[in-house]
Amino acid sequence: MATPLSPSRLVEILRAEGLTVHEVRSWRTHNRNSKGPWGPVNGVMIHHTVTSGTQASVDLCYDGYSSLPGPLCHGVIDKKGHVHLVGNGRANHAGSGDSDVLAAVVDERALPADNETDTDGNRHFYGFECINLGNGKDPWPEAQLLAIEKVSAAICRHHGWQEESVIGHLEWQPGKVDPRGFTMTSMRGRIRARLGKKPTPGGGTGSGSPSGVAYTVRKGDTLWSIGRAHGVTVAAIVDANRLADPGQISVGQKLNIPGAKTTTYTVARGDTLWSIAASKLGDGNRWRQIATLNRLNDADDLSVGQKLTLPKK
């Protein structure tokens, strides 16, 4: 159990985690406290909005609607990974859920199946709505997933919680499916990894100056292809380079690749990139990654004794 964050402290810890935070209207005093208690808080709950468009979604979560007044959460996470704060205090987001689930969150252990609605969740959970249609087809941009990870980690870090204190609405209330499009198990794994590092000003994690290898973006590169070639996650590259939009990288752009996992290979007589990829990486089709890592303009132009950098197997 914990005392809820003050508005100023919430903004502070979110920005310290590297998030872009927008304060919406009178969010600091916007709540449903007159309808019931707020706190002690025990966890963070993630939702999807079933809407599209940032402004319309933020307005809906702030105002609510006739049968369910706002705020409908504490913050809205948009497709770019920005956080729009819409409420502070009790919010209409969790509804009634399973007391056994709440007990598991408090104890930070595996969640039981949610099969009851006997406990007020609006009192106990911070709620974040993520803009997504929730139809299983609307994509979840990496920037948005990274923001969910950062929001959750920032709050957990403040309260001394672990990743088990973060749940989805579908794990709390029977019949709910949100968030749909990624698993909460995978998100908790991301949060666990982030909690193992300290946040640094500007949004990176770890301590000291960024470490890793320098990489210059080439035509056809994506963060996914660059990350796979170096054996690191897209999220790690986004974090290390403070990228606002992971989908927007340009030819010639310099990137720091943190914790890149590579090895060195010396070309022997008869080698081709395909044969090297097949023998050393287990997949001949990965010859393109070798070409990318080594800035090879002609994949067939290899010489005996040449040193090549190989990506993680």
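Counting begins at 1 with the first residue of the sequence.
Residues S8 and R28 have side chains that bring a donor and an acceptor to within less than 3.5 angstrom of each other.
In this structure, D138 pairs ionically with K79, as a charged nitrogen and a carboxylate oxygen lie closer than 4.0 Å. Ion pairing of D120 with R90 is present here, as a side-chain N (NZ or NE/NH1/NH2) and a carboxylate O approach within less than 4.0 Å. A salt bridge is defined here as a Lys NZ or Arg NE, NH1 or NH2 lying under 4.0 Å from an Asp or Glu carboxylate O, and R192 with E108 fails to meet this definition.
Interatomic distance, M45 CE to L170 CG, rounded to the nearest 0.5 Å: 10.0 Å. Rounding to the nearest 0.5 Å gives a distance of 8.0 Å between CD of E171 and CG of D114. Here CZ of R25 is found 13.0 Å from NE2 of H84. Values are rounded to the nearest 0.5 Å. Atom NE2 of H30 is separated from atom CG of N88 by 11.0 Å, given to the nearest 0.5 angstrom.
Using cut-offs of 30° and 60° on the angle between ring planes, the pair H48 and W140 is tilted. Aromatic ring pairs are classed by plane angle as parallel below 30°, tilted from 30° to 60° and perpendicular above 60°; the pair H74 and F128 is tilted. Ring planes of W161 and Y126: tilted class, angle from 30 to 60°.
Although no hydrogens or angles enter the test, the distance criterion places a donor-acceptor pair under 3.5 Å between the side chain of D98 and the main chain of E116.
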